[in-house]
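Everything on this sheet refers to the single structure shown next.
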Amino acid sequence: MAERPYTILSCSVSLDGYLGGATPERLVLSNEADLHRVDHVRAGCDAIMVGAATVRADNPRLLVRDPRLRLQRRSLGLEETPTKVTVTEHARLDACSNFFAAGDGEKIVYCASRSVPAARRRLAAVATVVDGGEPVEVPRLTEDLYARGVRRLMVEGGGRVHTQFLTTGIADELHLVVAPFFVGSSHARRFVGDGDFPWNPAHRARLVETCQIGDVVLLRYALSARFEGPS
């Protein structure tokens, strides 16, 4: 088997399992203390990944926020913020969005084969566009990231990307933060979609940590034999 990065899935959800609300307005599920924790996890990774839908809907910057963490990365000879990665089927991405415009680090776009020419016309000036297969294949993507020097990958959503990583078994741990409220709409975005997940009633995921962070709770699960942390 080809080598791939150690992969952490990170997500915040409502009590009823949603990533956001039913409207385009961004729903804040976390709190400042948890965002500080996420910042530390980001700073310890070589790359941060989100799906194209998240880039369009949330316009995330995906930067390391804490100046001390940025300085620490620089002292190690690293860019202040890990490489930013996204995946897209149709290349409907704005080259001026925060994903591309914020930060000086490398940006990589994994694109479905049929959309590669359009993606390169639109994004070549701001990112490296890579043919990810038809459709984009998560194992191929992670193997390519490893070949580019990414040893630790943080996947921050959205639901489709989390579903792809989980159903293919290419995740080593899950950080699931639960917010203390309900969204209450089936039109909202869910944490994952339908799929054949390796973790089911006959094969439960292993919970290795629970931590209250203000009014949210972090649930940390070991998803592979490569899990790094307390047993």
Side-chain angles (χ1 to χ4, degrees), residues 8-14 17-43 45-67 69-70 73 79-112 115 118-130 132 136 141 145 153-165 175-177 179 181 183 185 187-193 216:
I8 302 166
L9 270 58
S10 177
C11 185
S12 296
V13 297
S14 63
Y18 289 100
L19 292 172
T23 66
E25 184 179 353
R26 185 168 180 265
L27 179 65
V28 178
L29 290 152
S30 189
N31 59 36
E32 193 60 33
D34 185 59
L35 290 174
H36 185 65
R37 177 196 63 83
V38 170
D39 208 34
H40 274 266
V41 179
R42 280 183 181 175
C45 291
D46 300 306
I48 307 165
M49 179 178 175
V50 295
T54 298
V55 174
R56 289 190 294 267
D58 296 341
N59 196 24
R61 293 166 57 84
L62 299 180
L63 302 178
V64 173
R65 303 190 308 163
D66 190 328
L69 294 174
R70 296 199 299 268
R73 286 182 59 87
E79 294 284 351
E80 288 190 352
T81 293
T83 296
K84 293 193 277 190
V85 182
T86 191
V87 56
T88 179
E89 293 293 328
H90 305 291
R92 293 194 295 263
L93 290 164
D94 182 355
C96 295
S97 66
N98 285 333
F99 178 91
F100 300 106
D104 297 327
E106 185 179 8
K107 291 89 178 179
I108 304 175
V109 177
Y110 287 94
C111 189
S115 300
R120 287 183 175 153
R121 286 194 300 271
R122 188 174 300 152
L123 304 171
V126 294
T128 300
V129 176
V130 181
V136 176
L141 177 160
L145 283 174
L153 172 66
M154 184 178 185
V155 180
E156 296 194 30
R160 183 176 182 184
V161 172
H162 281 139
T163 301
Q164 290 171 324
F165 270 81
H175 297 181
L176 188 66
V177 169
F181 58 81
V183 168
S185 173
H187 298 292
R189 293 173 291 157
R190 294 201 69 88
F191 164 42
V192 292
V216 303

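For the single chain, residues carry numbers from 1 onward in sequence order.
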Q.
Using the rule given for salt bridge (charged side-chain N to carboxylate O under 4.0 Å, His left out), can you reason through R37 versus E32, listing the C-alpha separation, both sets of side-chain angles and the distance that settles it, and then say yes or no?
A. CA-CA 9 Å; R37 177 196 63 83; E32 193 60 33; over 6 Å; no

- After noting the C-alpha distance and the side-chain angles of R73 and E80, does the key distance pass the side chain to side chain contact (heavy atoms under 4.5 Å, CB included) rule? CA-CA 6 Å; R73 286 182 59 87; E80 288 190 352; 5.7 Å; no

Please report the C-alpha distance between H175 and V38 in whole Å, then the side-chain angles of each, then the deciding distance to 0.1 Å, and finally whether the side chain to side chain contact (heavy atoms under 4.5 Å, CB included) criterion is met. CA-CA 10 Å; H175 297 181; V38 170; over 6 Å; no

| Taking it one step at a time, do R190 and L19 satisfy side chain to side chain contact (heavy atoms under 4.5 Å, CB included)? | CA-CA 5 Å; R190 294 201 69 88; L19 292 172; over 6 Å; no

Exercise for the section: Report the C-alpha separation of L29 and V13 in whole Å, then their side-chain angles, then the decisive distance to 0.1 Å, and conclude whether the side chain to side chain contact (heavy atoms under 4.5 Å, CB included) test is met. Expected result: CA-CA 6 Å; L29 290 152; V13 297; 5.6 Å; no

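Distance alone, capped at 3.5 Å, is enough to place a donor-acceptor pair between the T86 side chain and the V50 backbone. Between the side chain of S10 and the main chain of E156, no donor-acceptor pair closer than 3.5 Å is present. Side-chain atoms of K107 come within 3.5 Å of backbone atoms of G105 as a donor-acceptor pair (strictly under, hydrogens ignored). In terms of modelled atom types and a separation under 3.5 Å, the side chain of K84 and the main chain of R61 share a donor-acceptor contact. Although no hydrogens or angles enter the test, the distance criterion places a donor-acceptor pair under 3.5 Å between the side chain of R120 and the main chain of V129. One N or O on the side chain of T54 and one on the backbone of G158 form a donor-acceptor pair closer than 3.5 Å. Y18 places a side-chain N or O within donor-acceptor distance of the main-chain N or O of S185, the cut-off being under 3.5 Å. Under the 3.5 Å distance criterion, the side-chain polar atoms of T88 are left unmatched by any main-chain donor or acceptor of A52.
Counting heavy atoms of neighbouring residues, nucleotides and ligands inside a 6.0 Å radius, atom CZ of R160 does not exceed 12 of them.
Distance CG/L93 to CG/L123: 6.0 Å, rounded to 0.5 Å. To the nearest 0.5 Å, atoms CG (L35) and OG (S30) are separated by 4.0 Å. Remark: R92 CZ to S115 OG distance equals 8.5 Å, nearest 0.5 Å.
With contacts defined as side-chain heavy-atom distances shorter than 4.5 Å, the pair F165/L153 qualifies. Side-chain contact between V183 and L27 is present, with heavy atoms from C-beta onward closer than 4.5 Å. Taking 4.5 Å as the limit, some side-chain heavy atom of E106 sits within range of a side-chain heavy atom of T128.
Of the listed residues (V87, L141, L145), just one forms a side chain to side chain contact (heavy atoms under 4.5 Å, CB included) with I108, and that residue is L145.
Shortest non-hydrogen contact noted between N31 and D34 is OD1-N, 2.8 Å. Contact between E89 and V136 at its shortest, heavy atoms only, is OE2-N, 3.3 Å. Heavy-atom minimum distance, C96 versus A101: O-CB, 3.9 Å. Here the shortest heavy-atom pairing between P82 and C45 reads CG-O, 3.2 Å.
Residues satisfying the side chain to side chain contact (heavy atoms under 4.5 Å, CB included) test with L69, not counting sequence neighbours, are D39, H40, A43, V64, D66, Q72. With sequence neighbours excluded, no residue satisfies side-chain hydrogen bond (donor to acceptor under 3.5 Å, both in side chains) with R189. Residues satisfying the side chain to side chain contact (heavy atoms under 4.5 Å, CB included) test with D46, not counting sequence neighbours, are V150, R151, R152. Remark: A124 pairs with no residue by the side chain to side chain contact (heavy atoms under 4.5 Å, CB included) rule, at least two apart or across chains. Shown here are the ring pair (Phe, Tyr, Trp, His ring centres under 6.0 Å) partners of F191, two or more places apart in sequence or in another chain: H162. When the side chain to side chain contact (heavy atoms under 4.5 Å, CB included) test is applied to S97, the partners found at least two apart in sequence or on another chain are V55, N59, D94, F99, F100.
No salt bridge links R70 with E79; every basic N to acidic carboxylate O contact stays at or beyond 4.0 Å.
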